[in-house]
Amino acid sequence: MQPRMQVVQGDITTLAVDVIVNAANPSLLGGGGVDGAIHRAAGPALLEACRQVRQLQGECAPGHAVITAAGNLPAKAVIHTVGPVWRGGEENEAHLLEDAYRNSLQLAEANGYTSIAFPAISTGVYGYPKAAAAEIAVNTVAAHLTRRPQLQQVIFVCFDEEMTHLYQRLLTQQSV
Ligand code: AR6
């Protein structure tokens, strides 16, 4: 049987999974990094969808997540979550990062989806140490999957080789 958690090195915008997760900022109106790449690939329909969410519920706080359609992307939907900005580790960053993963998984399930791809949330512009963030990502997703059967495939998408190796090492220690 295929493991439910996998690691892939590459560009998250190319994946034909049900949902890709965006490492957004509270404005939900785009930015650099993976957020910029997703908006570029999805086209203006994604920004418009984000604007509508903004109008309905305002900014998205760190640890929270919202869902939109995916514009021109091969994915069916985009979940925009906001990770914590790294401020040295004493500002609840770990819990907020766990929340970002957990709330994204729950939102995907609530919308009936079975496959989801995550970038390494907060490890770019937001400065979260990579190894610590990867451990939180894998442990939070693994704990969720052991309790819930719906999601069949969770892909961790890494942009560089260092991150890919970190995730590969962590995934060999997991049995989900
Ligand atoms: N596919 C997969 N991973 C990517 C891609 C891609 N196309 N591009 C970058 N990464 P970041 P953050 C990796 O900075 O730290 C934005 O401006 C990247 O190598 O995108 O959560 C938002 O608007 C890194 O490992 O997100 C926010 O203001 C990871 O994605 C802020 O950045 C996350 O890096 C969020 O910062």
(message) Has Ser122 got a side-chain atom pairing as donor or acceptor with Pro84's backbone, closer than 3.5 angstrom?
(response) yes
(message) Looking at Arg148 and Glu109, is there a salt bridge between them, counting it only when a charged N and a carboxylate O are closer than 4.0 Å?
(response) yes
(request) Please test Gln168 against Leu166 for side chain to side chain contact (heavy atoms under 4.5 Å, CB included), starting from the C-alpha separation and ending with a verdict. (result) CA-CA 6 Å; Gln168 278 168 342; Leu166 273 172; over 6 Å; no
(message) Test of understanding: clusters of I, L, V, M, F, W, Y form through side-chain heavy atoms closer than 4.5 Å, transitively. Do Val138 and Val141 belong to the same one?
(response) yes
(request) Look at the side-chain heavy atoms of Ile, Leu, Val, Met, Phe, Trp and Tyr, link any pair under 4.5 Å apart, and say whether Val8 and Phe159 land in one connected group. (result) no
(message) Using side chain to side chain contact (heavy atoms under 4.5 Å, CB included), reason through Phe118 and Val157 one step at a time and then give a plain yes or no.
(response) CA-CA 6 Å; Phe118 282 99; Val157 186; over 6 Å; no
(message) Tell me the closest heavy-atom pair linking Ala49 and Thr68, and the distance in Å.
(response) CB-CB, 3.8 Å
(request) Please confirm whether the backbone N or O of His144 pairs with a side-chain atom of Arg102, one donor and one acceptor, at under 3.5 Å? (result) no
(message) Let me check something: do Val21 and Phe156 share a hydrophobic cluster, defined by ILVMFWY side-chain heavy atoms less than 4.5 Å apart, either directly or through other members?
(response) yes
(message) So does Gly30 get a backbone contact from the side chain of Asn25, meaning a donor-acceptor N/O pair under 3.5 Å?
(response) yes
(message) Could you walk me through whether Cys158 and Val7 satisfy the side chain to side chain contact (heavy atoms under 4.5 Å, CB included) test, starting with their C-alpha distance in whole Å, then the side-chain angles of each, then the deciding distance to 0.1 Å, before giving a yes or no?
(response) CA-CA 7 Å; Cys158 299; Val7 56; 3.8 Å; yes
(request) May I ask you to decide whether Lys130 forms a salt bridge with Asp160, counting only side-chain N to carboxylate O separations under 4.0 Å? (result) yes
(request) Indicate yes or no for a side-chain donor-acceptor contact from Glu91 to the backbone of Arg87 under 3.5 Å, with no hydrogens or angles considered. (result) no
(request) Pick out which of Val19, Ile67, Leu73 makes a side chain to side chain contact (heavy atoms under 4.5 Å, CB included) with Val78. (result) Leu73
(request) Give me the one residue out of Ile155, Val154, Asp18 that meets side chain to side chain contact (heavy atoms under 4.5 Å, CB included) with Ser115. (result) Asp18
(message) Starting from Ile121, can I reach Ile136 by hopping between I/L/V/M/F/W/Y residues whose side chains sit under 4.5 Å apart?
(response) yes
(request) Establish, from distance only, whether the side-chain atoms of Thr81 and His64 form a donor-acceptor pair under 3.5 Å. (result) no
(request) Classify the side-chain pair Gln9/Glu161 by whether it contains a donor and acceptor separated by less than 3.5 Å. (result) no
(message) As a quick check of understanding, evaluate side chain to side chain contact (heavy atoms under 4.5 Å, CB included) for Leu151 and Leu105, giving each step before the final call.
(response) CA-CA 8 Å; Leu151 284 165; Leu105 294 166; 3.6 Å; yes
(message) Under 4.5 Å between side-chain heavy atoms, counting indirect links through other Ile/Leu/Val/Met/Phe/Trp/Tyr residues: same cluster for Tyr113 and Leu15 or not?
(response) no
